[in-house]
Each structure stands twice: as C-alpha cells, then as structure tokens.
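Reviewing the structure listed below.
So that the names make sense, note that chain A is the first sequence line, chain B the second, and so on, each numbered from 1.
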Protein chains: 2
Amino acid sequence: MNKKEQIIKVASKYFSEVGYDKAVLEDVAKEVGVSKAAIYYHFKDKFALYEAVLCSRFKDLAQTICDIDAANPEQALREYVEKFGGFLLEKPCFSAIFARELADGAINMPQSCTKQMSQILKKLSAILQEGEAQGVFEKENPFMVQLMIVSTLVNYRTTRKLRITVMKNLKEVKNIDAGLKDIIPNLANKIIKALKC
Amino acid sequence: MNKKEQIIKVASKYFSEVGYDKAVLEDVAKEVGVSKAAIYYHFKDKFALYEAVLCSRFKDLAQTICDIDAANPEQALREYVEKFGGFLLEKPCFSAIFARELADGAINMPQSCTKQMSQILKKLSAILQEGEAQGVFEKENPFMVQLMIVSTLVNYRTTRKLRITVMKNLKEVKNIDAGLKDIIPNLANKIIKALKC
DNA sequence: CTAAACTTACTGACGAGTAAGTAAGAAAAG
DNA sequence: CTTTTCTTACTTACTCGTCAGTAAGTTTAG
C-alpha cells in the first residue's frame, strides 16, 4: 500500500468516527506518519480527500450491486440486501459516512457518487419492476424501499452503542439485540414479505 | 413567544439545515435580532442550546408516542408509524437533527433524551410483544423494526433533493417519488405486512 | 432603584491551507 | 563517465479566517 492509499484509509477512519467537520488533517497525518502538508501534496484540499474516500467506496458498492444476477426477482432482492449489508460489514467505516451523507441530504456529494447512487437505485428499481411484471411483488416506491433497506442497515451500524444505552434503560428488551451481520438475512426476509403479493 | 423560545426556534432551524458544527451562533443571533452574547445570557454554551432544542422535541415526541392507545396491535403499530411521521411533518427541523443523531450514534445526546428514546422503544416493543402474544405478529427484533420505521422516515425527509438528483439521472424512476406525507400510510402498511403471521 | 436582559469589543484556540525549503532519485547534458 | 537539472515526495514554520466564549458595560422592565 502506497502512502496516498494509507492517507485515504486513515482519513476514512476519521471521517467515519467523528464526521467530516471534526476530522482533523493533523490527526490523520500523525497517524499515517507524515506531515499535514504531505497530505496537501497528494490532495488539493480536505474535501478532495473526502471525495477520494467517497468515490472509491461508491464505485466498489455500485459494482457489487450491479453484479447481482439472480434467477428471479425475489432472489435478486434478497441478494440486493445481502450484498449491501455484506459491503457494509466489509467496509466498517462506510456505514457512518453513508449515514451522515443521507442525514445531510448529500448536498456536497460529488457528482460521480450521485451517479453511482443512481445506478444502485436503478438496479433496485429494475428488480422491483421485474417482480411486479411477474406478479410476485406489489408496485412500490423504489425510494422508500431503498431507504427501508439502506438507512436501516447503515443506522443499525451507527447506533450500536445507543442501543446498548437504550437497553440499559429498559427491562423488556434485554438480550434481544443482534449485530448487523445477524439482521441482514432477517431484513431481507421482511422486505420481501412486505412487498410480496 | 419570548426571546429564549425564539432563540431555540431559530437555532433549531440552523442545527437542522447545516448541522451542529456548521451552525454558527452569530447567524442565529442575527436572525433573532439579538447579539450573540445575549444567547450566552440564556444558555450556558452552544451545546446547552442544542440540548434545549433536542430535549423539547424528544419530550413532545415521546408524549405523542406514549399516548397511543389502540384497540389491537395492528392498529397500534399503524398509529405508531402515523404518529411518528406526523410528528416529523409538524416539526420540519427535527428530521435532519434526528437523522444526524442516528448517524453520529447519538454519542453526545443528553441522558434525558436517551431516556425518552428508551420510552419510545418501550412502546414499540410492547406493541410487538402484544402482537406476538395474540399470534398477529411474528417475533422480531424491536431495534430493527424501529430503524425500519424511524430511519426510513427521517432520511426520507432529508434526502428529498438527493432523490430529485437521482431521478434526473434515470429514466426508469420518473414520477414515482412522493412526499413524506404520502409515504407514511404506505410505510405503515408495509411494516405491518412484514410482521404479520 | 435593582435585577434581568441585553450590548460592543474583544480574546484565544483551532485547523485549513501555504510558502519556502530539503532530500533523494532519475534524467539529461557534456 | 560525471555533473547538472529536474522531479517527486516530502518537511517546518508559519498565516489567517473562523467562531465559541467572555469582560465590562448599558439598557430595559418592573
């Protein structure tokens, strides 16, 4: 791994943990073992570094999603959820970054990333339409379905500590929580069930 | 409305629009028509102002949710989604604030607010358990159900512009999107269907 | 009159970004 | 071949804008 990639990786961690505004390039630099100015050697500015983080992740995610090729719409939708969830498991920093982008309305998201998001939604929309055409799924707003999947997954990741806090306050929900990995198949089942005719 | 409440209201708008870090007290002060120091007269610091915004909203939301009293679990769950969504419609600034808190894992959320969140989840958990006991609903992780409802609703609100951008990129999803108000009953139906035995 | 509710004019910490420089290696010139 | 020049990949030591917070004072309301 070259230095530029090291910078991207460490920055990705900071953007994830503390968000864009609180992520400080001096901290990133120290952890990589370079000076802050070295980061400016490789990236025009802080935002360019953030873009580098975002774009590589969205590119990989879109590729993962567009590679879905299932025998039927139900299986395709299951794979959609599983592939999405699997990606979040594989890239631990991405959930929080994604969740913050959703929460902020993605107003500063580079166009290449919104393009990838469009491709991702296109895939989901195609699955839903095929399901509808085959009489397997009811017609449904793909944006709402997308958010039921995506925001649930990413926020499930980001709210881990919050859930523990909430559980401490309540007796009724003890030992009910699970990790992200465990809810992926569950969520897939629920989304499919919600959509089935 | 007294000055303190005006400050809370305007601050709520800024916290919603640009997030905590980017919300600048000088801007809040100008819009209220006071000096920044006057804000410090009423609130200890910026975070205390944020807490005031958060706590009043969560208190009202928890009250709204805990007042749900339906004849059966299915109706109760429907009301849960409708009341939650209705609250977000009534308090336009709250969705983005809530979404950012979820995305950040609510690590700085005051205890009184996490307490209210616990009460809200307690209500949902009770509805789900009653539904399970009556053989109406399958057993399900209440955190996941909560996020399917809450994160979908709040992020539906925050991603309005993003959805327009995404729609511009795609031909297949034209004229499919809807406002938050329109998806509330739809989401309720889908959640209920997903959970029904 | 007093206390509450403000004001102006700051201070100082923080962090993004930069100017000027250096070291090492590669390429070009003689 | 050796020396000069150029390039890449950094470095230190800043600058400067921003904004949270504050001191000292003034104004307003009761």
Given atom CD1 of A/Ile7 and atom C1' of D/dT8, what is their separation to the nearest angstrom?
14 Å

Atom NZ of A/Lys46 and atom P of C/dT18: how far apart are they, to the nearest Å?
14 Å

Nearest listed nucleotide, side chain of B/His42, among C/dT8, D/dG21, C/dA5
C/dA5

Could you check which of C/dG17, D/dC10, C/dC6 has an atom nearest any side-chain atom of A/Val34?
D/dC10

Could you check how far CZ of A/Phe43 sits from C1' of D/dT8, rounded to whole Å?
16 Å

Residue pair B/Tyr80 / B/Gln146, side-chain donor-acceptor N/O under 3.5 Å:
yes

Base, sugar-phosphate, or nothing: which does B/Ala23 touch, judged by heavy atoms less than 4.0 Å apart?
sugar-phosphate

C/dA16, D/dT11, C/dC6: which one has an atom nearest the side-chain heavy atoms of A/Val24?
C/dA16

Look at B/Lys9 together with B/Glu5 and state whether they make a salt bridge at an N to O cut-off of under 4.0 Å.
no

OP1 or OP2 of C/dG17 sitting under 4.0 Å from any side-chain N/O of A/Tyr40?
yes

Side chain proximity check, B/Tyr40 to B/Leu25, heavy atoms < 4.5 angstrom:
yes

Atom CG of B/Leu25 and atom C1' of D/dT18: how far apart are they, to the nearest Å?
13 Å

Can you check the A/Leu49 CG to C/dA16 P distance for me, whole Å?
11 Å

Test: B/Arg160 cationic atom under 6.0 Å from A/Phe143 six-membered ring centre, within 45° of axis:
no

Can you check the A/Lys30 NZ to D/dT12 C1' distance for me, whole Å?
13 Å

CG of A/Asp21 versus C1' of C/dC14: gap in Å, rounded?
13 Å

Taking OH from B/Tyr50 and P from D/dA20, how many angstroms apart are they, rounded to a whole number?
15 Å

On DNA chain D, nearest-nucleotide positions of A/Ala38 versus A/Tyr41: which is more 5'?
A/Tyr41

Ignoring hydrogens and angles, does a donor from either the side chain of A/Lys36 or the base of C/dG17 sit under 3.5 Å from an acceptor on the other?
yes

NZ/NE/NH1/NH2 to OD/OE distance under 4.0 Å, A/Glu138 and B/Lys190
yes

Of all the nucleotides listed (D/dC10, C/dT7, C/dT18), which has the minimum atom distance to the side chain of A/Ala37?
C/dT18

